[in-house]
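Since this is a predicted model, take the numbers as computed values, not measurements.
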Amino acid sequence: QVQLVESGGGLVQPGGSLRLSCAASGTIFKVNSMAWYRQAPGKQRELVAVISTGGSTNSAGPVRGRFTISRDNAKNMLYLQMNSLKPEDTAVYYCNAAIQTTNWGPTYNYWGQGTQVTVSS
């Protein structure tokens with residue numbers, strides 16, 4: 001069984017910063033790509049940023065230049081450094097990971113429970 005647990009959300013003023021973390025635990029053989037998604041009230045869940053096992057990254061246009069995704073493969077950790085936050089960044093942020101639980105098995109997609117980020121003065 002695999003669990004993804006996010007932390008680091010909270011209330012921050014416009015222009016402020018937050019760092020989200022996601023810990024993957026359980027029966028893990030290999031963690032492949034990892035990503036952050038977000039969902040604002042009344043909107044669909046959207047991709048924020050993605051990172052490969054080798055560290056290649058890609059970010060959505062609205063956060064490019066402000067958010068940085070990174071990972072620690074040895075610890076099965078994913079991070080999102082968010083700077084210059086705006087009210088429109090307010091959402092629940094979800095961790096996503098493609099994980100193999102055995103060396104012969106398929107890759108499954110896992111989600112965390114989400115962490116709330118609120119940007120408001």
Side-chain angles (χ1 to χ4, degrees):
Q1 198 166 0
V2 173
Q3 279 192 320
L4 299 181
V5 179
E6 302 100 333
S7 60
L11 173 65
V12 63
Q13 292 187 340
S17 298
L18 279 177
R19 188 190 193 212
L20 304 183
S21 299
C22 172
S25 64
T27 306
I28 296 173
F29 173 72
K30 182 181 180 183
V31 181
N32 295 305
S33 64
M34 302 183 83
W36 289 100
Y37 285 76
R38 69 184 181 185
Q39 187 167 19
K43 295 189 176 181
Q44 289 190 332
R45 191 172 298 188
E46 63 178 5
L47 177 67
V48 175
V50 60
I51 184 167
S52 70
T53 305
S56 299
T57 64
N58 198 6
S59 302
V63 308
R64 200 167 293 148
R66 300 188 298 121
F67 291 10
T68 301
I69 188 171
S70 62
R71 64 189 288 173
D72 184 333
N73 291 334
K75 297 180 180 179
N76 290 332
M77 292 291 297
L78 177 69
Y79 305 100
L80 185 68
Q81 178 65 43
M82 305 186 293
N83 299 328
S84 302
L85 282 160
K86 304 176 181 180
E88 51 263 43
D89 294 319
T90 296
V92 177
Y93 284 70
Y94 296 91
C95 173
N96 173 269
I99 295 175
Q100 283 177 266
T101 57
T102 63
N103 62 352
W104 62 85
T107 297
Y108 292 103
N109 207 28
Y110 293 89
W111 292 91
Q113 82 289 349
T115 185
Q116 176 71 47
V117 172
T118 303
V119 185
S120 174
S121 55

Distance check, rounded to the nearest 0.5 Å: [X] atom [atom1] versus [Y] atom [atom2]?
| X | Y | atom1 | atom2 | result |
| --- | --- | --- | --- | --- |
| Asn32 | Ser52 | CG | OG | 10.0 Å |
| Leu85 | Arg66 | CG | CZ | 6.5 Å |
| Lys30 | Ile99 | NZ | CD1 | 12.5 Å |
| Ser120 | Asp89 | OG | CG | 12.5 Å |
| Gln116 | Gln39 | CD | CD | 11.0 Å |
| Asn58 | Ser33 | CG | OG | 12.0 Å |

Taking [Y]'s backbone N and O only, do any of them form a donor-acceptor pair with [X]'s side chain (distance below 3.5 Å, no angle check)?
| X | Y | result |
| --- | --- | --- |
| Glu6 | Gly114 | yes |
| Thr115 | Tyr93 | no |
| Gln100 | Trp104 | no |

(request) Work out which heavy atom in Ala97 is nearest to a heavy atom in Leu4; give both atom names and the distance. (result) N-CD1, 3.8 Å
(request) Take atom CD of Gln113 as the centre, draw a 6.0 Å sphere, and report whether it contains more than 12 heavy atoms from other residues, nucleotides or ligands. (result) yes
(request) Step through the shown structure and confirm whether more than 12 heavy atoms of other residues, nucleotides or ligands are within 6.0 Å of CD on Gln44. (result) no
Side-chain heavy atoms under 4.5 angstrom apart, residues restricted to Ile, Leu, Val, Met, Phe, Trp, Tyr: same cluster for [X] and [Y]?
| X | Y | value |
| --- | --- | --- |
| Leu20 | Leu47 | no |
| Val48 | Val12 | yes |
| Leu78 | Val2 | yes |
| Tyr94 | Val31 | no |
| Leu18 | Met77 | no |

(message) Can you list everything that forms a salt bridge (charged side-chain N to carboxylate O under 4.0 Å, His left out) with Arg64? Sequence neighbours excluded, please.
(response) none
(request) Report the C-alpha separation of Arg38 and Val63 in whole Å, then their side-chain angles, then the decisive distance to 0.1 Å, and conclude whether the side chain to side chain contact (heavy atoms under 4.5 Å, CB included) test is met. (result) CA-CA 11 Å; Arg38 69 184 181 185; Val63 308; 3.8 Å; yes
(request) Can you sort out the partners of Tyr37 under ring-ring contact (aromatic ring centres under 6.0 Å, His included), two or more places apart, ordered by chain and number? (result) Trp111
(message) Filter on side chain to side chain donor-acceptor pair (under 3.5 Å), then keep only pairs touching residues 73-87, sequence neighbours left out; what's left?
(response) Ser17-Asn83, Arg71-Asn73, Gln81-Asn83
